[in-house]
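One structure below.
Numbered from 1 within each chain, the chains take letters A, B, ... in sequence-line order. Hydrogens, waters and symmetry mates play no part in the numbers below; they use all other heavy atoms, side chains included.
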Amino acid sequence: MQLYDSVRKTKVPFEPIHAGEASIYVCGPTVYDDAHLGHARSSLAFDLLSRILKALGYKVTMAKNFTDIDDKIIKKVEATGKSMEEITSFYIERYLDEMQALGVQRADIEPKATESLQAIESMIQKLIDKDCAYIVNNGDVYFDTSKDTHYGEISHRVADDEETQSRVEHISEKRNPKDFALWKACKGEEDICFNTPFSKGRPGWHIECSAMIEKYFKGTEEYSIDIHGGGADLLFPHHENEAAQSRCATGHELAKYWMHNGFVQIDGEKMSKSLGNSFFLKDALKVYDGEVLRYYLNSVHYRNDFNFNEEDLLTAKKRLDKLYRLKKRVSPGKGSMVNKNFKQVLLDAMSDDLNISTALAVIDEMIANTNDTLDANPKDKSLKKETIANIEFMETLLGFGGKEPFSYFQIGVDDALKEKIEVLVAERIEAKKTKDFIRSDTIRDELIAMGISLMDTADGTVWEKI
RNA sequence: GGAGCCAUCGCCAAGUUGGUAAGGCCGUAGAUUGCAAAUCUGCUAUUCACCAGUUCGAGUCUGGUUGGCUCCUCCA
């Protein structure tokens with residue numbers, strides 16, 4: 001397995017800290033609002049990684065956190081009058097539902113900041129004890145970046161404190177401009193805060209991830225986990241800060257490999273809440289099938305930026321349709337053995353830093369070859385069985401193609417419509433028998449107007465929702 | 001102001017250690033079909049934003065130009 005490591009900026013062989021095991025921690029969402037396509041892409045990218053590692057025989061432990069203590073959540077509490085717990089549990093549930101619709105496997109560990117306060121507090125205390133952090137007058141605790149000689153090595157940002165070109169105004173109480181808050185003291189009466197020896201307050205964002213990783217993973221002398229992932233925007237400052245804290249608190253590095261996924265863009269621009277061009281998953285799922293979205297969002301290499309548009313999505317759907325038509329052709333039945341070569345070539349492609357494009361090309365080739373053979377010999381039972389097995393393997397590996405093929409082509413068709421279609425199709429078959437082609441073509445046009453496409457095959461007439 | 005990424009056919013998109021351009025969509029010609037649809041087959045980039053350089057040889061390496069994006073602020 002070769003992975004692109006964002007820190008070394010090159011593909012490197014994956015050599016886990018414990019042989020045969022892979023520990024992955026991905027930065028999850030802050031649960032104060034609905035998930036958008038960007039969350040989906042990140043989730044999908046690391047879901048793919050986890051599936052590939054599993055297929056290669058690794059025992060994968062995947063963690064994805066929920067940041068459920070945050071300024072934005074507190075703002076939402078103030079705005080809605082609801083409790084913090086009400087808000088966060090609502091969005092967590094919705095997030096999980098949506099990810100399920102996309103075929104994302106649940107993480108093995110889903111830590112929440114609220115459930116990790118003990119770990120957070122003790123890590124901050126450790127940093128204070130080691131003189132890597134300091135408390136200022138109002139009770140805030142800051143990490144002292146000058147104490148970490150390796151600060152900047154994750155994001156390759158030189159710690160040039162002289163040159164403070166940052167657009168941010170710096171709080172004067174910080175010793176260095178790059179220092180960041182580990183703990184924020186509470187400001188008012190109704191503020192949400194927790195008691196600690198250093199002050200009443202709440203954790204900063206960065207420390208949450210570091211503490212949760214320490215809490216849930218055993219690690220080694222050298223590293224806490226194998227792979228740390230997240231969106232490309234987290235590289236700095238979030239991951240840089242995480243790495244610094246963990247290094248200072250534990251004496252070892254946080255992760256052996258760092259992976260970052262590219263952005264989803266709308267009209268060539270990063271999708272973000274501040275730009276107001278967010279495309280929420282809940283809206284996308286109303287219009288498109290989750291599996292199609294998955295196929296589409298995963299069809300571009302995870303590190304590239306992804307420009308979302310409907311035309312490309314429809315193209316991706318056409319490609320997926322072909323797979324399901326083949327599945328329809330070889331169903332029903334039990335699969336035999338996966339074609340060895342197919343399996344190997346697919347695994348090879350995905351083992352190369354998740355080269356999905358090559359993998360999809362391999363699948364398209366398998367589809368064409370199988371159709372070709374089936375055209376020549378429609379009753380090739382062993383090929384049908386092998387194809388079923390191939391598709392099953394592919395589904396486990398990549399997470400699409402698992403639906404029952406006939407129902408796939410009927411997504412969005414209710415029972416009443418279905419009955420109507422069946423009646424028309426039967427009527428058309430009768431008309432065809434008597435060679436009344438005018439009548440049969442009229443019926444076909446009628447169905448097309450309803451968004452239904454017909455196919456006369458050797459096994460009879462089948463229909464698809466377009 | 002500082003840091004980084006990217007630029008391959010009409011569209012989407014592979015192409016690690018330099019060796020002579022995958023795949024999909026669209027288009028087109030044919031097989032098949034009552035006609036379609038589906039399926040299959042053939043065709044569709046002497047060329048990889050541009051300009052120099054290194055090399056026997058560069059999409060792949062070096063330098064520069066242009067264009068796009070991102071990070072430095074919460075952010076997947």
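- The A:His301 side chain lies nearest to B:rA14 when the options are B:rA14, B:rG34, B:rA76.
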(Q) Strictly under 4.0 angstrom, non-hydrogen atoms only: write out the protein contact profile of nucleotides 24-30 of chain B, one letter per nucleotide from the 5' end, B, S or -. (A) SSS----
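- Counting only distance, with no hydrogens or angles, the side chain of A:Ser246 and the backbone of A:Ala243 share no donor-acceptor pair below 3.5 Å.
- Toward the 5′ end of RNA chain B lies the nearest nucleotide of A:Lys432, the other residue of the pair A:Gly38 and A:Lys432 mapping further downstream.
- Applying the 3.5 Å distance criterion, the base of B:rG15 shares no donor-acceptor pair with the side chain of A:Asn355.
- Applying the 3.5 Å distance criterion, the base of B:rA76 shares no donor-acceptor pair with the side chain of A:His260.
- B:rA36 and B:rA29 have their P atoms separated by 13 Å, with the value rounded to a whole Å.
- Taking atom OH of residue A:Tyr295 and atom P of nucleotide B:rA13, one finds them 14 Å apart after rounding to whole Å.
- Between A:Phe14 and A:Leu3, the closest heavy-atom pair is CD1-CD1, 3.7 Å.
- Between A:Phe306 and A:Tyr296, the gap from one ring centroid to the other is short of 6.0 Å.
- For the pair A:Arg202 and A:Ile192, the tightest heavy-atom approach, listed with the atom from each and the gap, is NH1-O, 3.8 Å.
- Looking at heavy-atom distances under 4.0 Å, A:Arg444 makes contact with a base.
- The aromatic rings of A:His206 and A:Phe180 stand perpendicular to each other, their planes meeting at an angle above 60°, with 30° marking the opposite boundary.
- Rounded to whole angstrom, the span from the CG atom of A:Asp179 across to the P atom of B:rU73 amounts to 13 Å.
- Residue A:Phe437 and nucleotide B:rG34 are classified as a stacked aromatic pair, their ring centres being separated by less than 5.5 Å at an interplanar angle below 30°.
- Between the side chain of A:Arg325 and the base of B:rA38, no donor-acceptor pair under 3.5 Å is found.
- Take the nearest nucleotide of RNA chain B for A:Ile438 and for A:Lys72: the residue whose nucleotide is more 5' is A:Ile438.
- Residue A:Asp140 comes nearest to A:Ala185 through the heavy atom pair OD1-N, 2.8 Å, listed as atom of the first residue, atom of the second, then distance.
- Which of B:rU70, B:rC40, B:rC69 sits closest to the side chain of A:Asn371 comes down to B:rC40.
- In the model, A:Asn65 has a side-chain atom that pairs as donor or acceptor with a side-chain atom of A:Thr67 under 3.5 Å.
- Across all strands, A:Asp456 comes closer than 4.0 Å to base atoms (heavy-atom distances).
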(Q) Protein within reach of the bases, or only the backbone? For nucleotides 5-10 of chain B, mark each nucleotide 5' to 3' as B, S or -, using heavy atoms under 4.0 Å. (A) ------
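- Between the side chains of A:Gln245 and A:Asn241, no donor-acceptor pair is found at a separation under 3.5 Å.
- Residue A:Ala368 is in sugar-phosphate contact alone, with no base atom involved, counting any heavy-atom pair closer than 4.0 Å across all strands shown.
- Proximity of the aromatic rings of A:Tyr25 and A:Tyr216 is defined here by a centroid distance below 6.0 angstrom, and this criterion is not met.
- Among B:rC72, B:rU41, B:rU16, the nucleotide with an atom closest to any side-chain atom of A:Lys11 is B:rU16.
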